Trainee: 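Quick one: structure below, then a few questions.
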Amino acid sequence: MLNVHDFETAARATLDPVYADFIAGGARDEITVRANEAAFSGLRLLPRMLRGSAERDLAVTLLGDRADLPILLSPTAFHKLVTPDGELATARAAAAAGALMIVSMASTVAVGEIADAARAVGGDDVSLWFQLYIQPDLEITEALVRRATDAGCTALVVTVDSPVLGANERNRRNGLNDLPAGLYCENLRDLRDGESGHVRQIAMSPELSWEHIDWLRRTTSLPILLKGVLHPEDARLAVQHGVDGLVLSNHGGRQLDTVPATLELLPEMAAAVAGRIPIVLDGGVRRGTDVVKALALGASAVGIGRPVMWALAEGGEKSVRHLLELLHAELDDTLALCGASGLDDLTPELVRPAGWGHAGQGTCNGGVVS
Ligand SMILES: Cc1cc2nc3c(=O)[nH]c(=O)nc-3n(C[C@H](O)[C@H](O)[C@H](O)COP(=O)(O)O)c2cc1C
Ligand SMILES: O=C(O)C(=O)c1ccccc1
């Protein structure tokens, strides 16, 4: 295993094709799934020479939580689908690598147990964030927030791009409409009397509004990030509503198909928030060079979704740890090659659009995308 692609290939060889499709798939024609990765390929790095340092600092502090690398584990549901220990394996690997994990509300292990496993490896400094789908029944939402808070989670990541569940036609074709026997969304177990944590307890709510965000802001003192805001006007509204951070995400192309790649939106989103709150970008991050491009264009960190699922499927905890170590090393190597000593050295002038400088295109304008 040398890179993320190797984990994908290995996972495909071991996984039930129905679950491999669930992970890889996206909405409808999967135009946005492909766009996310293509956007990274469409940019070139233009490195600086003779100004690096012997050691590079990759640590990042986000909303008070420190991580050893600016690569977060984006929230992904159902880890027991691909490895017996499920999210316990993921959390242990993330803690060992000093990476920040965002626990999915739809985890197949309860968030409290995930937090215990992470702390057993990484001690009390380990930070976990909790991803939340606000439920129309606010008492249920409050109970979920309480479970995350009691587990010691230090931020809430509220996913707002899912007023309805994305239409994944691979899942429909494969007849995937339930979890296998014995797997449950453990965070939803017994929220009401006798409920088992069935996946259908999770309500996707088209009626959610900014008033729900205001309500959540009053309900919890944890920092709140919104995941899935794509319009710069919504980013401005998020700041006005007291939101503490954004996860610039199109859900890995799994919600509305044909929305832009997250990387394409980043410059406009960064301008809209103007440094007032941090932006974490996810979607299509597969290489250290991808991380550098996102940070150069204004992200404070990135998230990875599918790569973690592939590594889990390939070899569980040790493979997720290996994946994170590989990405850490790739990022360090990329910084060195760019002449950067740390993440603060990653600025927009390191990035050019592919095709820039082609004879006759007249695009040689000092690095401004034309
Ligand atoms: C299998 C799978 C499950 C996911 N589950 C969730 C989830 O429960 N909540 C959520 O907000 N996003 C979920 N996502 C979206 C990820 O958080 C993330 O936005 C996306 O995977 C990033 O793109 P990437 O897979 O290209 O890295 C899921 C994505 C995948 C692939
Ligand atoms: O969010 C997702 O992408 C996802 O796969 C999912 C599906 C149902 C419940 C929770 C997450």
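Atoms within a ligand are numbered from 1 in the order they appear, just like the ligands themselves. If you read the sequence from its start, that first residue is 1, and numbering goes on from there. From a predicted model like this one, the values you see are computed outputs, not experimental measurements.
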Trainee: Can you tell if the side chain of I213 reaches within under 4.5 Å of the side chain of V243, non-hydrogen atoms only?
Mentor: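 Contact flag for I213/V243 side chains = yes.
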Trainee: Do Q135 and T141 have a side chain donor and acceptor closer than 3.5 Å?
Mentor: no
Trainee: Report yes or no: does a heavy atom of D282 sit under 4.0 Å from some atom of ligand 1?
Mentor: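 Per 4.0 Å heavy-atom rule, D282 contacts ligand 1.
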Trainee: Give me the residue, atom name and distance of the protein heavy atom closest to atom 10 (C) of ligand 2.
Mentor: A106 CB, 3.7 Å
Trainee: By number and element, which atoms of ligand 2 are closer than 4.0 Å to a non-hydrogen atom of Y133?
Mentor: 1 (O), 11 (C)
Trainee: Who's closest to atom 3 (C) of ligand 1 heavy-atom-wise, of G283, G228, S162, A77?
Mentor: A77
Trainee: Just checking, any donor-acceptor pair under 3.5 angstrom between side chains of N171 and N177?
Mentor: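 Their side chains do not contain a donor-acceptor pair, so the 3.5 Å distance test is not met.
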Trainee: For Y133, state whether at least one heavy atom is located under 4.0 Å from any atom of ligand 1.
Mentor: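 Contact present.
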Trainee: Any luck finding a side-chain donor-acceptor pair between T108 and E87 under 3.5 Å?
Mentor: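 Yes, side-chain donor-acceptor contact under 3.5 Å.
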Trainee: What residue and atom, counting heavy atoms only, is the protein's closest point to atom 9 (C) of ligand 2, and at what distance?
Mentor: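 Heavy-atom neighbour on the protein nearest atom 9 (C) of ligand 2: F78 CZ, 4.0 Å.
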Trainee: Quick one: closest heavy-atom pair of K293 and F40, and the distance?
Mentor: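 Taking K293 first and F40 second, the nearest heavy atoms are NZ-O, 2.8 Å.
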Trainee: Could you pull out the closest heavy-atom pair between T76 and G305, with the gap in Å?
Mentor: CG2-CA, 3.9 Å
Trainee: For R254, is at least one N or O under 3.5 Å away from an N or O on ligand 1?
Mentor: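 Looking only at distances, the answer is no, because the N/O contact criterion of under 3.5 Å is not met.
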Trainee: State whether R189 and E186 are salt-bridged, where the test is any N-O pair (Lys NZ or Arg NE/NH1/NH2 against Asp/Glu carboxylate O) under 4.0 Å.
Mentor: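 So R189 pairs with E186 through a salt bridge.
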Trainee: Would you please say whether a donor-acceptor pair under 3.5 Å links the side chains of T154 and D65?
Mentor: yes
Trainee: Pull out every atom of ligand 1 sitting under 4.0 Å from any heavy atom of I23, numbered as shown with elements.
Mentor: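 Per the distance check, 31 (C).
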Trainee: Could you check whether H328 and D68, counting side-chain N and O atoms only, form a donor-acceptor pair closer than 3.5 Å?
Mentor: no
Trainee: Show the atoms of ligand 1 that are less than 4.0 angstrom away from any heavy atom in S249.
Mentor: 19 (O)
Trainee: Parallel, tilted or perpendicular: which describes the rings of F7 and H322, with under 30° parallel and over 60° perpendicular?
Mentor: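 Geometry flag for H322 against F7: perpendicular rings.
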Trainee: Return yes or no for this condition: an N or O of T76 is under 3.5 Å from an N or O of ligand 1.
Mentor: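 No, T76 has no N/O under 3.5 Å of an N/O on ligand 1.
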Trainee: Taking atom CD1 of I304 and atom CG of D290, what is their separation to the nearest 0.5 Å?
Mentor: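 Here the rounded value is 11.0 Å.
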Trainee: Verify whether one side chain among D282 and S74 offers a donor that lies under 3.5 Å from an acceptor in the other.
Mentor: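 Indeed, the side chains of D282 and S74 share at least one donor-acceptor pair under 3.5 Å.
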Trainee: Could you find the nearest protein heavy atom to atom 15 (C) of ligand 1 and give me its residue, atom name and distance?
Mentor: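 Closest protein heavy atom to atom 15 (C) of ligand 1: H251 CD2, 3.4 Å.
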Trainee: Tell me whether I304 has any N or O atom under 3.5 angstrom from an N or O of ligand 1.
Mentor: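 Such a contact does not occur with ligand 1.
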Trainee: Among the heavy atoms of M105, does any lie under 4.0 Å from an atom of ligand 1?
Mentor: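 No; M105 lies far enough from ligand 1 that no heavy-atom distance drops under 4.0 Å.
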Trainee: To which protein heavy atom is atom 26 (O) of ligand 1 closest, and what is the distance rounded to 0.1 Å?
Mentor: R286 NH2, 2.7 Å
Trainee: In the single-linkage hydrophobic clustering (I, L, V, M, F, W, Y; side-chain heavy atoms under 4.5 Å), do V320 and V121 co-cluster?
Mentor: no
Trainee: Any N or O on G305 sitting closer than 3.5 Å to an N or O of ligand 1?
Mentor: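 Yes, since at least one N or O of G305 sits under 3.5 Å from an N or O of ligand 1.
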Trainee: Under a 4.0 Å heavy-atom limit, does H79 contact ligand 1 with its side chain, its backbone, both, or neither?
Mentor: neither
Trainee: Nearest to atom 7 (C) of ligand 2, what protein heavy atom do you find, and at what distance?
Mentor: L165 CD1, 3.9 Å
Trainee: If you have a sec, work out which protein heavy atom is nearest atom 2 (C) of ligand 2 and how many Å separate them, to one decimal?
Mentor: H251 NE2, 3.2 Å
Trainee: Among protein heavy atoms, which sits nearest to atom 11 (C) of ligand 2, and what does the distance come to when rounded to 0.1 Å?
Mentor: A77 CB, 3.8 Å
Trainee: With heavy atoms under 4.0 Å as the rule, classify the contact between R306 and ligand 1 as side chain, backbone, both or neither.
Mentor: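 Contact part for R306 vs ligand 1: both backbone and side chain.
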Trainee: Could you check which of S104, P75, G252 puts a non-hydrogen atom nearest to atom 16 (C) of ligand 1?
Mentor: P75
Trainee: Do any heavy atoms of N36 fall under 4.0 Å from ligand 1?
Mentor: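 No, that is not the case, since the closest heavy atom of the residue is not under 4.0 Å from the ligand.
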Trainee: May I ask you to check if ligand 1 and S74 share an N or O to N or O distance below 3.5 Å?
Mentor: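 N/O-N/O distance below 3.5 Å does not exist for this pair.
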Trainee: Taking only heavy atoms of F22 into account, list the atoms of ligand 2 that are under 4.0 Å away from them.
Mentor: 5 (O)
Trainee: Identify, for atom 12 (N) of ligand 1, the protein heavy atom at the shortest distance, and state residue, atom and that distance.
Mentor: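 Of the protein heavy atoms, K227 NZ, 2.9 Å lies nearest.
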Trainee: If I take atom CD1 from residue I114 and atom SG from residue C153, how far apart are they, to the nearest 0.5 angstrom?
Mentor: 8.0 Å
Trainee: Output yes when a side-chain donor or acceptor of S341 lies under 3.5 Å from a complementary backbone atom of R56, and no otherwise.
Mentor: no
Trainee: For atom 11 (O) of ligand 1, what is the closest protein heavy atom, and at what distance to 0.1 Å?
Mentor: T159 OG1, 2.8 Å
Trainee: Any idea which protein heavy atom is nearest atom 4 (C) of ligand 2, and the distance to it?
Mentor: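 I find the closest protein heavy atom is R254 NH2, 4.1 Å.
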Trainee: Within the 3.5 Å criterion, strictly below it, is a donor on T159 or Q131 matched to an acceptor on the partner's side chain?
Mentor: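 T159 vs Q131: donor-acceptor pair found between side chains.
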